[in-house]
Amino acid sequence: MSLKNRTALVTGGNSGIGLGIAQRLASEGADLVINGIVPADEGQAECDRLAAAHGVRAHYLAADLRDPAQIEGLLHQARECLGGVDILVNNAGMQHVSPIEQFPVDIWNAMLAVNLSAAFHTIRLALPGMRERGWGRIVNIASISGLRGRAGKSAYNATKHGLIGLTKSVALEMAQTNITCNAICPGWALTALVQRQVDALAQKEGLDGDEATRKLLGLRQPSGRFVTTEQIAALTAFLCSEDAQEVRGAAWTMDGGTTAA
Ligand code: NAD
């Protein structure tokens with residue numbers, strides 16, 4: 001277990017990619033705090049399953065990442081629970097697809113807050129402890145939408161490009177330390193966030209679920225397959241390992257070939 005005696009905070013860790021990452025880090029021996037916005041009993045039940053399965057400590061802390069004060073509270077409580085945060089995974093994210101002229105201003109603001117500003121806050125608050133302990137790993141879950149544009153995704157593209165820029169800058173500020181900061185850029189993975197896009201396409205074009213899935217993948221994923229949450233979690237675990245010490249400021253794609261085309 002390569003992460004035994006390490007501690008990790010995973011935002012948005014109660015579903016989809018974040019839950020996959022939490023499971024993998026726990027299986028490597030890391031003690032965890034999972035953040036989300038589901039009720040405390042629901043979030044803690046998932047943590048209890050992880051703790052029992054992997055023999056680690058796992059706590060759920062609800063915090064709405066649109067609110068910087070709640071992020072400060074989250075980091076404070078995470079340090080109390082774990083004694084420090086060695087690994088920070090900024091995974092929480094929102095998606096909304098709309099032409100810019102109709103893009104709801106409140107959703108734009110929420111997406112900036114959750115997809116980008118939350119990572120600024122968690123990183124600035126976690127770094128002093130990592131510096132004190134002389135070790136840290138920051139993994140930001142960006143997207144191929146941080147590397148290329150797509151009509152209808154102004155907020156998503158802007159925030160994910162911004163998250164990659166933030167990643168590079170933090171990596172350079174930490175370049176001469178044992179603290180690394182990297183981004184992962186997944187293509188489509190079948191989570192709730194993408195299921196909503198499959199459903200919207202099915203409804204718009206009168207397709208059944210399988211047809212809509214094939215059409216969505218055909219739009220831009222050359223493999224014709226979804227990336228899995230387990231694969232993204234495995235890459236996260238690698239970036240948290242000692243072997244990844246000199247991977248710094250990367251925006252690492254895992255996208256079934258999308259950005260190769
Ligand atoms: P998901 O909807 O299952 O996960 C999103 C998580 O973010 C949830 O746990 C949700 O509770 C949390 N979240 C949303 N708003 C929040 C808020 N205000 N405060 C706290 N937490 C909040 O979807 P997912 O696909 O697992 O997405 C995880 C990350 O992966 C996101 O950043 C997303 O942009 C990114 N991503 C997903 C895909 C994909 O194809 N699924 C591809 C590229 C990148």
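Residues: numbered from 1 along the sequence shown. Each ligand, and each atom within it, is numbered from 1 in the order the structure gives.
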Check your understanding: Hey, does G12 come in under 3.5 Å of ligand 1, counting only N/O atoms on both sides?
Key -> yes
Check your understanding: Under a 4.5 Å cut-off applied to non-hydrogen side-chain atoms, are L50 and I34 in contact?
Key -> yes
Check your understanding: Is A189 close to ligand 1, meaning an N/O of one under 3.5 Å from an N/O of the other?
Key -> yes
Check your understanding: With only distance considered, is K160 within less than 3.5 Å of ligand 1 through an N or O on each side?
Key -> yes
Check your understanding: Of all the non-hydrogen atoms in the protein, which one sits nearest to atom 14 (C) of ligand 1, and at what distance?
Key -> G93 O, 3.8 Å
Practice item. Please assess H121 against R124 for the test side chain to side chain donor-acceptor pair (under 3.5 Å), listing each intermediate value before the final yes or no. Key: CA-CA 5 Å; H121 291 297; R124 75 179 173 80; 3.1 Å; yes
Review point. At a non-hydrogen distance cut-off of under 4.0 Å, which region of A113 contacts ligand 1 (side chain, backbone, both, or neither)?
Key: neither
Review point. Among protein heavy atoms, which sits nearest to atom 23 (O) of ligand 1, and what does the distance come to when rounded to 0.1 Å?
Key: L193 CB, 3.3 Å
Review point. Should you measure from each heavy atom of G16, which atoms of ligand 1 turn up under 4.0 Å away?
Key: 3 (O), 26 (O)
**Study point:** Atom indices of ligand 1, in the order listed, that fall short of 4.0 Å to a heavy atom of S15
**Key:** 1 (P), 3 (O), 4 (O), 8 (C), 9 (O)
Practice item. Say whether G18, considering both its backbone and side-chain N or O atoms, lies within less than 3.5 Å of an N or O atom on ligand 1. Key: no
Exercise for review: Heavy-atom contacts with W188 under 4.0 Å: which atoms of ligand 1 show up? List them by number with element.
Suggested key: 40 (O)
Review point. Are the side chain of H59 and the backbone N or O of C47 linked by a donor-acceptor pair below 3.5 Å?
Key: no
Exercise for review: Examine G36 against ligand 1 and note whether any of their N/O atoms are separated by less than 3.5 Å.
Suggested key: no
Review point. Is the side chain of R137 donor-acceptor paired with the backbone N or O of D86 at a distance under 3.5 Å, no angle test?
Key: no
Review point. Of the listed options (L65, V38, I34), which comes nearest to atom 17 (C) of ligand 1 when hydrogens are ignored and any heavy atom counts?
Key: L65
Check your understanding: Which atoms of ligand 1 are found less than 4.0 Å from any heavy atom of A63?
Key -> 19 (N), 20 (C)
Check your understanding: So which heavy atom in the protein is nearest atom 32 (O) of ligand 1, and how far is it from that ligand atom?
Key -> N91 O, 2.7 Å
Exercise for review: Answer yes or no: does an N/O atom from A192 fall short of 3.5 Å to an N/O atom of ligand 1?
Suggested key: no
Study note, to complete from the structure: In this structure, atom 34 (O) of ligand 1 is nearest to the protein heavy atom Y156 OH, 2.5 Å
Review point. Polar-atom distance check: S143 versus ligand 1, any N or O pair below 3.5 Å?
Key: no
Review point. Quick one: nearest non-hydrogen protein atom to atom 42 (C) of ligand 1, plus distance?
Key: G187 O, 3.1 Å
